[in-house]
Amino acid sequence: MSNRVSKNASSEDWLVTDLNSEQSAAVSCTEGPVLILAGAGSGKTRVLTYRIAYLLQNGLAEASEILAMTFTNKAAGEMRERVAKLVPNRMSGMWIGTFHSLFARLMRREGERLGYSSNFTIYDESDQIALLKKVLSDMHLSVQDFPPKMVSFRISAAKNRLLLPDHLLEEAENQLDTVVANVYRNYQNRLLELNAMDFDDLLIKPIELLQRFPLVAGYYQDKFRYILVDEYQDTNHAQYILLKILAAKHRNIAVVGDDDQSIYRWRGADIRNILDFEKDYPECKKFRLEQNYRSTRKILAAAHSVVKNNRQRHPKELWTDKPEGENVVLLEVESDLTEAHHVVARLIREFKGGQRNFYDFAVLYRTNAQSRVIEEALRRENVPYIIVGGVKFYERKEVKDVLAYLRFLSNQTDAISFRRAINYPARGIGDATADKIEDFARLQKLTLVEAMKRVQEIGSIQIRTREKIESFSKLVQKYASLKSELSPAELAAALVDEVGILRYLKEEGTIEAANRMENVRELLLAIAEFSSQNGRSATLDDYLQQVALTTDLDTLTDRTNAVTLMTLHSAKGLEFSVVFIVGLEEGLFPLSRSIQDPPALEEERRLFYVGATRAKEKLYLSWSRYRRRYGENLHSMPSRFIKELDPTTTDAESTLRPFRIERRRSAYHDSVDSPMPNYEDQTQENLEYRVGMRVAHEVFGKGTIVKIDPGGEHAKLLVMFDTAGKRRLVLPYAKLEIL
DNA sequence: TCGGGCTCCGGGTGG
DNA sequence: CGGAGCCCGA
């Protein structure tokens with residue numbers, strides 16, 4: 001998309017030259033509530049960014065009076081970048097970011113009123129589960145009777161409905177409800193004691209704050225003269241209430257969304273928020289962006305022919321002045337293995353036939369488990385690929401372990417991080433001992449570090465164990481005092497070195513341990529990058545907050561010359577020239593559990609719509625008559641979505657002729673005479689390594705370089721090893737031999 | 001306290 | 001089939 005605007009152009013010029021008439025109407029209608037129904041690929045980010053630029057350019061608002069919220073860091077970053085291009089140097093003081101990061105900021109400023117100090121820790125799901133297990137055990141409840149995951153799900157649902165433990169207790173209908181309500185109360189009390197908030201708290205605690213302190217509410221209501229919200233269809237009830245409170249004074253709230261792309265219902269998103277916006281703000285102005293700038297007519301028509309079967313939606317149909325394009329290709333195959341083979345064969349054919357790079361292709365699936373056969377087929381053909389999702393970087397054990405130390409230094413009452421750190425690497429302090437320290441700290445109202453200092457006052461701890469605790473305590477105190485002198489990067493590097501984490505891993509000598517070492521190094525590198533990007537004023541607390549609110553999706557760049565494999569959910573907001581959606585079978589897509597549940601089925605249909613509209617030029621859909629799931633070869637029927645497709649937009653192709661592929665764990669493939677052209681990446685630096693080069697690693701064996709992240713001496717390599725799979729290596733440590 | 005073996009179960013997951 | 005989590009023995 002052309003995005004150029006000369007600095008001197010008046011705002012009226014942009015409205016005419018860069019926007020279509022509906023877009024420019026939506027941008028310039030600044031006063032009062034605005035609902036912008038923006039279909040897939042209709043330029044919604046453009047409208048949001050131009051709207052912000054328009055407000056600034058015309059002196060309608062100072063930067064500090066604008067609040068712009070998105071769901072993902074990636075979307076927030078993109079918005080920030082694009083506004084900066086339109087109106088350079090005007091963004092200082094603007095609140096632009098994700099819901100969670102903006103409200104975390106608000107709580108760091110104001111949370112003291114609710115009993116949190118500004119360095120509170122943000123707990124992710126696994127921290128939540130760990131804390132819940134503690135609470136359950138304190139209440140003498142067994143995890144068999146009350147699985148922490150189930151309890152956590154119910155607590156989260158209650159929080160999203162803004163129900164307090166007392167409310168839950170009142171409406172309890174059985175013993176389980178009562179127990180959940182009581183666990184909820186204790187869990188919430190513990191979070192406060194630990195100075196921690198979970199993701200839900202980042203939304204509901206601000207509500208509590210704004211409701212209990214009208215002066216604070218008044219300040220922010222006054223401050224945020226203009227509010228903009230992206231992906232409004234995915235807001236949950238808490239977010240809805242927050243927006244309602246903040247917009248109460250000026251009522252200048254512009255929301256952008258597409259009910260057809262609401263795919264987070266199971267996570268509390270309430271599609272009624274967008275469907276009922278006009279009821280909440282009867283004076284609102286409504287704009288519809290129905291011109292699509294992304295896909296061919298065939299692709300749009302096919303996608304529409306499916307989603308129009310939903311009952312819960314604003315009726316609408318996108319149009320485009322793009323060419324008609326090719327029909328959607330529907331592949332019927334025999335098995336998941338042949339599906340993978342045919343998808344990859346088609347992909348290679350498209351690659352060779354057109355002016356396309358590998359990053360123009362995506363393979364999308366409903367479940368992560370489907371990625372493996374595709375991966376193996378791509379590896380066999382030596383096609384570079386990246387997988388988005390799966391086990392996330394910051395959720396890996398070794399990464400969480402290192403972060404636990406840093407989090408504990410930052411918040412010395414954080415018992416969850418304390419538990420991880422105190423016995424990693426194993427230093428002979430067990431659960432029973434850690435419990436005693438925690439109990440003592442709670443009883444005496446001490447931080448855990450203070451409690452450890454007075455370990456001799458805690459009864460029934462053996463002298464040997466006490467010595468171990470003292471040494472751990474000294475370590476923590478040492479680094480806590482260094483916190484103000486060293487940058488987060490220096491601190492983390494010194495700590496990892498002193499604790500000996502890399503040395504322990506090296507001793508293990510396994511492939512897994514080597515991989516964990518790489519992850520620890522990459523974490524240190526990420527902290528260093530954070531320090532250099534944010535300058536010396538960036539604190540450890542700042543880093544930890546950023547990490548807590550970051551996911552893998554944010555680091556996905558389009559420069560990697562590789563095919564993207566990911567779930568349909570991860571694909572939202574992205575676009576590719578050629579898209580393959582695989583596994584279109586009843587029970588898989590739509591998933592079996594949604595088939596009996598009409599709203600869930602509609603959500604599956606929207607998911608299909610999201611996937612299909614990612615494609616710019618060509619869309620492939622495939623289904624397999626047999627699929628291996630749970631170790632069995634299950635017979636499948638084609639997805640109902642296939643039957644709903646407008647037949648004039650598709651070409652069905654059967655590939656059921658006999659075709660055998662061996663099922664192998666990992667296909668060793670020597671690429672000396674690779675059938676593929678070289679994967680030249682023009683962006684790489686002048687390093688001794690090149691993309692496509694064959695290398696050998698002492699532990700991982702032989703492999704091919706798939707990607708090089710420049711960064712001077714800290715460059716990172718992504719290597720696809722023949723047997724060990726894809727590995728990320730940090731150059732100074734990589735010790736690769738060029739073959 | 002720790003690691004190995006065994007059982008159980010199966011979905012997507014922004015921040 | 002494969003991964004996660006639990007239990008039990010060393």
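Below, chain A is the first sequence line, B the second, and so on; all start at residue 1. No hydrogens, no waters, no symmetry mates; every other heavy atom, side chains included, goes into these values. Since this is a predicted model, take the numbers as computed values, not measurements.
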Output yes when [X] and [Y] qualify as a salt bridge under the 4.0 Å nitrogen-oxygen rule, no when they do not.
X: A/D259; Y: A/R606; value: no
X: A/K44; Y: A/E231; value: yes
X: A/K400; Y: A/D124; value: yes
X: A/R313; Y: A/D258; value: no

To the nearest angstrom, how far is [X] atom [atom1] from [N] atom [atom2]?
X: A/E632; N: C/dG2; atom1: CD; atom2: C1'; value: 14 Å
X: A/D597; N: B/dG12; atom1: CG; atom2: P; value: 18 Å
X: A/Y365; N: B/dG12; atom1: OH; atom2: C1'; value: 12 Å
X: A/H100; N: B/dT13; atom1: NE2; atom2: C1'; value: 12 Å
X: A/L601; N: B/dG12; atom1: CG; atom2: P; value: 18 Å
X: A/E603; N: B/dG12; atom1: CD; atom2: C1'; value: 9 Å
X: A/R629; N: B/dG12; atom1: CZ; atom2: C1'; value: 12 Å
X: A/L591; N: B/dT13; atom1: CG; atom2: C1'; value: 13 Å

Rounding to the closest angstrom, what is the interatomic distance between B/dG11 and C/dC6 at atom C1'?
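Rounded to whole Å, the distance is 23 Å.
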Taking the P atom of each, how far is C/dG5 from B/dG12, in whole Å?
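Nearest-Å result for C/dG5 against B/dG12 at atom P: 15 Å.
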Answer yes if the side chains of [X] and [Y] hold a donor-acceptor pair under 3.5 Å, and no otherwise.
X: A/D414; Y: A/Y123; answer: yes
X: A/R82; Y: A/T49; answer: no
X: A/D542; Y: A/T539; answer: yes
X: A/S622; Y: A/E339; answer: yes
X: A/T465; Y: A/Q462; answer: no
X: A/Q261; Y: A/D234; answer: no
X: A/N119; Y: A/S410; answer: no

Using a heavy-atom cut-off of 4.0 Å across all strands, would you classify [X] as base, sugar-phosphate, or nothing?
X: A/T433; result: sugar-phosphate
X: A/Y264; result: base
X: A/E231; result: nothing

Is any side-chain N or O of A/T98 closer than 4.0 Å to OP1 or OP2 of B/dG14?
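Checking B/dG14 against A/T98, no side-chain N or O comes under 4.0 Å of OP1 or OP2.
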If you compare every side-chain N and O of A/S570 against the phosphate oxygens of B/dT13 (OP1, OP2), does one of them come in below 4.0 Å?
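For A/S570, the contact criterion (side-chain N or O under 4.0 Å from OP1 or OP2 of B/dT13) is met.
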Can you list the stems that DNA chain B is part of, where a stem is at least 3 pairs in a row, each Watson-Crick or G-U, with both distances below 3.5 Å?
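Stems (3+ consecutive pairs) listed as B:1-10 with C:1-10.
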Report yes or no: is there a donor-acceptor pair, N or O only, under 3.5 Å between the side chain of A/N368 and the base of B/dG12?
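Donor-acceptor pair under 3.5 Å: no.
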Regarding B/dG11, can its base be found pairing with the side chain of A/E604 as donor and acceptor, where the two atoms are less than 3.5 Å apart?
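Between B/dG11 and A/E604, which were checked side chain against base, a qualifying N/O pair under 3.5 Å is present.
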Of the non-hydrogen atoms in A/L102 and A/W95, which two are nearest, and what is the gap between them?
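Result for this residue pair: O-CZ3, 3.6 Å.
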Ring pair (Phe, Tyr, Trp, His ring centres under 6.0 Å) pairs, two or more places apart, involving residues 590-614 of chain A:
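Only A/F608-A/F641 qualify under ring pair (Phe, Tyr, Trp, His ring centres under 6.0 Å).
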With a 4.5 Å limit on heavy-atom distance, are the side chains of A/Q545 and A/R108 in contact?
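Side-chain contact under 4.5 Å: yes.
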Measure the shortest side-chain to side-chain distance between A/I204 and A/D201 over non-hydrogen atoms and say whether it is less than 4.5 angstrom.
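In short, these two side chains touch, coming nearer than 4.5 Å.
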Report yes or no: does A/E604 contribute a side-chain atom to a donor-acceptor pair with the main-chain N or O of A/S594 at less than 3.5 Å?
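Absent.
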By a strict heavy-atom criterion of less than 4.0 Å, which residues belonging to residues 397-406 of chain A are in contact with DNA chain B?
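Going residue by residue through residues 397-406 of chain A, none turns out to have a heavy atom under 4.0 Å of DNA chain B.
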Could you write out each protein N or O paired with an N or O of nucleotides 2-5 of chain B at a distance under 3.5 Å?
| unit_1 | atom_1 | unit_2 | atom_2 | d |
| --- | --- | --- | --- | --- |
| B/dC2 | OP1 | A/G428 | N | 3.4 |
| B/dC2 | OP2 | A/N423 | ND2 | 2.7 |

Under 3.5 Å between N/O atoms: give me all the protein pairs with nucleotides 6-8 of chain C, atom names plus distance.
none

Heavy-atom count around A/E208 CD within 6.0 Å, excluding the residue itself: above 12?
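Buried by this count: over 12 neighbours within 6.0 Å.
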Please tabulate, one pair per line, each protein N/O and nucleotide N/O from nucleotides 6-10 of chain B that are separated by under 3.5 Å, including the distance.
none

